[in-house]
Amino acid sequence: MDKSSQERCIQCRLIIQDCICRDIPAFWAEHKITLLTSKREERIISNTGRLLRCMLKNVFPVYMGEKGWEKVVESEIARTDYTPVIFFPTQPVCDGQTIIEETGKPLNIFVLDTSWRNARRWLHKPVLMNLKKIGLKTAPPSEYYLRKQSVENYLCTFQAVTSLMVELRTKGFASVSFQINEKFKLWVKSLARQRGLNITTTRR
């Protein structure tokens, strides 16, 4: 096989002929996403946090475990132009829209971009424990079938964040959400095909 046919885009990580980056609308969200991830997670081809960064401009990655990462998180929490919250769909959670209305400020949403097992552990890091926790009111069916889901309707990072942007009535997001999610579905389908997965049997 021609080596060039296996070269991958450095952003979406699809092989070059399937790359979707040229068609991705980079949307500036009023709410900031502080993406808590790791270098190991980011190297995984099927990582959706990296794809989120391609499609949303207001995303800031913090690499857990790297020297000084807690100080970076503390600095983000201390910002006065956003209200810091952490996004995790377990009870009890606060209503994100109510927080916006009460504070009159957009949110700085800390998102745990890792496996669900790691996310539960990261959630209890001392630097994060005092953040108000928000979740989704309604979880859509998962469109991500590249990894096994531990619990039904536990969404990948991309779907969880874009669903939250809709629920928070993010300015301008409604007009681009359909296109963004269609690109996500195409990305999943392309990776599944590259892995030789049978889409009809892997989808839930």
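Numbers here are sequence positions counted from 1. When reading the values below, keep in mind they use all heavy atoms of this one structure, side chains included, and skip hydrogens, waters and symmetry mates.
For Phe88 and Trp116, the ring centers sit closer than 6.0 Å to each other. Side-chain rings of Phe110 and Phe87 stay apart, their centers remaining 6.0 Å or farther from each other.
In terms of heavy atoms, Phe184 sits closest to Met55 at N-CE, 4.3 Å. In plain terms, the two heavy atoms of Cys19 and Cys21 that are nearest each other are SG-N, 3.3 Å. Glu76 approaches Lys32 most closely through the heavy-atom pair OE1-NZ, 2.9 Å. Contact between Cys54 and Gln11 at its shortest, heavy atoms only, is SG-CB, 3.7 Å.
Partner of Leu112 under the side-chain contact (heavy atoms from CB on, under 4.5 Å) criterion, out of Ile86, Asn118, Thr157: Ile86 alone. Of the listed residues (Ile99, Thr98, Asp95), just one forms a side-chain contact (heavy atoms from CB on, under 4.5 Å) with Ile134, and that residue is Ile99.
In this structure, Trp28 contributes its side chain and Asn58 its backbone to no donor-acceptor pair below 3.5 Å. Side-chain atoms of Gln159 come within 3.5 Å of backbone N or O of Pro141 as a donor-acceptor pair.
Side-chain contact between Arg50 and Glu41 is absent, with no heavy atoms from C-beta onward closer than 4.5 Å. Residues Ile33 and Val161 are in side-chain contact: their nearest non-hydrogen atoms beyond the backbone lie under 4.5 Å apart. Residues Ser46 and Tyr144 have side chains in contact (heavy-atom distance under 4.5 Å, counting atoms from C-beta outward).
Expressed to the nearest 0.5 Å, how far SG of Cys12 lies from CZ of Arg53 amounts to 13.5 Å. With values rounded to the nearest 0.5 angstrom, Leu128 atom CG is found 6.0 Å from Leu36 atom CG.
Using modelled atom types and a 3.5 Å distance limit, the side chains of Asn47 and Glu42 yield no donor-acceptor pair.
Pairs passing the ring-ring contact (aromatic ring centres under 6.0 Å, His included) check and including a residue from residues 31-78, sequence neighbours excluded, do not occur.
Within 6.0 Å of CG in Asp81 there are more than 12 heavy atoms belonging to other residues, nucleotides or ligands. More than 12 non-hydrogen atoms from other residues, nucleotides or ligands lie less than 6.0 angstrom from CZ of Arg79.
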